[in-house]
2 protein chains.
Amino acid sequence: MTDAPLYRQVAEGLRRRILTGELTPGAQLPTEMALCDTLGISRHTAREALRILTEDGLILRRRGAGTVVAEAPAPAFAQTLGDFDDILQYARDARFVCQSAEPADAEALDALGLTGEFSLLTGLRQVSQEPPMALTRVFVRADIAPDFETVNRLSGSISEWLEATHAIAITRVTQRMEAVALSGTQASVLGVRAETPALRTIRRYRDTGGEIIQLSESLHPAGRFAYEMRLERGQ
Amino acid sequence: MTDAPLYRQVAEGLRRRILTGELTPGAQLPTEMALCDTLGISRHTAREALRILTEDGLILRRRGAGTVVAEAPAPAFAQTLGDFDDILQYARDARFVCQSAEPADAEALDALGLTGEFSLLTGLRQVSQEPPMALTRVFVRADIAPDFETVNRLSGSISEWLEATHAIAITRVTQRMEAVALSGTQASVLGVRAETPALRTIRRYRDTGGEIIQLSESLHPAGRFAYEMRLERGQ
DNA sequence: TAGTGGTCTAGACCACATG
DNA sequence: ATGTGGTCTAGACCACTAG
């Protein structure tokens, strides 16, 4: 269980101290040498840990000046999207904890432009024991939808499960992102105030025929999630 | 000029061999030990170079198997390229009306993780006479930044202007999106209530060396903007 | 001037993939 | 069995920041 690399363990320890507020924005982090001494690790290992936090935007480093917690601590989790497969990676990293499964009502389907019969899975996106990263609704075409127990036993993503068990190929995904205010009930589930800003992402998964076989909507409260993508210019 | 760190020089050398086609997708790269021997560098330096290429998605590394050039974007997978141009398209459609140009203060640069001297252009994104779509700040490296009049005369995007007038190539753009609440001043400029949710997008434009030469931050109030993207699975 | 992070070297042991 | 990349140690010199 604790077979994670040492530098990663160190990084997670520092990350926790930042996210819990023990280290507030602007505060100095231990210097590299201090980390080496107190933790009994080499400088390379300490730097590797600090590199992770730097890439996550949690800390700022300046030669000669030291390391401080970033002013606006970046969300604990950022999704990097480079290509199609990265979306699936996100689904694996951030575990979907399903809380209810039921037939979707017509009103909800209408609002999202879905036609036909769908199952609705409602739950939370979670990474380890942190507060939930998102409130998520997943609509799956009724005739191929997994049941409640199956979803919570999944090690991968729902779309991967669909492809594996129903010989379905998802060839196109459209994703929409916008800012919204959380309703009272949504906010309470996520443990934030009503009207808190949230990033709403809607993904529509289509098969080769262009038909929508799955739709997921996630509400990420401000500060818990950022969506990051990298775009390369062809050569 | 050639005072770039050794590992970066090594990375650029390998990058060139890949981009010129000397190393084609799937081809084996030299092993770490081979790089050490032929270039007379330490393993740490070689690994640092390979790490850059890994983060850029140019190569794939597998323990025991070696390092290979990543598969070329499949024909149908003009995704990254398409997205890149789409960003510029957005910049052309939504005109940037600059309201002020000044040197960026250290605090603002710090908060965004920028080092060096930058000019700050503040303004609005507008389509025709509609209410502004976004409140935008653009940071441009001071030595190449356009002045106030130039910006407002531009027909294209700022990044295009940089490339055209300074012989600069922007090869990588990272974009980050998250939900935030607008401050009072931000809200009043946009004509909405304070605390209105907004989609915050930050784009970092990098040259071939990985240096950030431009950064833009846009605040899109809820309801005025949504970001939509399409992802195709390569075959 | 003292201390910081940035770079670099020269070792070592390990888990893993391949033949 | 060999060689790969992944991790880790113990040093070193440098450029830069700050007191």
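No experiment lies behind these values; they were computed from the predicted model shown. The figures here come from the full heavy-atom set of this structure, side chains too, leaving out hydrogens, waters and symmetry mates. Chain naming here is simple, since letters A, B, ... match the order of the sequence lines and numbering starts at 1 in each.
- Contact annotation: A:T31 side-chain N/O to C:dG3 OP1/OP2 distance is not under 4.0 Å.
- Using a 4.0 Å heavy-atom cutoff across all strands shown, A:I41 reaches sugar-phosphate atoms only and no base atom.
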Worksheet item: Going through the distances and angles, do A:S42 and A:T45 end up as a side-chain hydrogen bond (donor to acceptor under 3.5 Å, both in side chains)?
Response: CA-CA 5 Å; A:S42 77; A:T45 302; 3.2 Å; yes
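- In this structure, CD of B:E48 is placed 14 Å from C1' of D:dT7, rounded to the nearest angstrom.
- Taking all atoms of both residues into account, the shortest heavy-atom contact from B:R8 to B:I52 is CA-CD1, 4.4 Å.
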Fill in: Per-nucleotide protein contact string for nucleotides 14-19 of chain C, where B marks a base within reach and S marks sugar-phosphate only (heavy atoms under 4.0 Å, - for neither)
-BBSS-
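- Two residues are said to be in side-chain contact when any heavy atoms from C-beta on lie closer than 4.5 Å; B:I144 and B:V140 meet this criterion.
- Side chains of A:L121 and A:F96 form a contact here, defined as non-hydrogen atoms less than 4.5 Å apart.
- Taking the six-membered ring where the residue is Trp, B:H44 and A:H44 present perpendicular rings, their angle passing 60° and hence far from 30°.
- Across all strands shown, A:L6 has heavy atoms under 4.0 Å from sugar-phosphate atoms exclusively, and none from any base.
- Listed nucleotides: D:dT7, D:dT9, C:dC8. Nearest to the side chain of A:T45: D:dT9.
- The CZ atom of B:R47 sits 17 Å away from the P atom of C:dA12 (whole-angstrom rounding).
- The nearest heavy atom of DNA chain D to A:S42 and to B:L29 marks one nucleotide each, and the one closer to the 5' end goes with B:L29.
- Among the nucleotides D:dC8, C:dT7, D:dG5, the one closest to any side-chain atom of A:H44 is D:dC8.
- Contact annotation: the side chain of B:L109 never approaches that of B:T115 to less than 4.5 Å [non-hydrogen atoms, C-beta and beyond].
- A:L39 places its CG atom 10 Å from the P atom of D:dT9, with the value rounded to the nearest Å.
- What separates CE of A:M33 from P of C:dG6 is a distance of 15 Å, to the nearest Å.
- Checking D:dG5, D:dC8, C:dG6 against every side-chain atom of A:Y7, the shortest atom distance belongs to D:dC8.
- Nearest to the side-chain atoms of A:R61 among the listed nucleotides D:dG6, D:dT4, C:dG5 stands C:dG5.
- Considering only residues two or more places apart in sequence or on other chains, B:E32 meets the side-chain hydrogen bond (donor to acceptor under 3.5 Å, both in side chains) condition with B:R43, B:R47, B:R61.
- Candidate nucleotides D:dT9, C:dT9, D:dG6 were compared by shortest atom distance to the side chain of B:E32, and D:dG6 ranks first.
- Stem regions for DNA chain D, each three or more consecutive Watson-Crick or G-U pairs with both distances under 3.5 Å and listed by first number, read C:1-18 with D:1-18.
- Between B:L112 and B:F139 the shortest heavy-atom distance is CD1-CE1, 3.4 Å.
- The shortest side-chain heavy-atom distance between B:L14 and B:L50 falls under the 4.5 Å cut-off.
- Rounded to an integer number of Å, the gap from B:L60 CG to D:dT4 C1' is 15 Å.
- One interatomic measurement links the two molecules: CG of B:L50 to C1' of C:dC8, which rounds to 16 Å at whole-angstrom precision.
- Residue B:Q99 places its CD atom among more than 12 non-hydrogen atoms of other residues, nucleotides or ligands, all under 6.0 Å distant.
- Side-chain to base pairing of B:R51 with D:dG6: no donor and acceptor N or O lie closer than 3.5 Å to each other.
- Side-chain atoms of A:R43 and base atoms of C:dT7 include a donor and an acceptor less than 3.5 Å apart.
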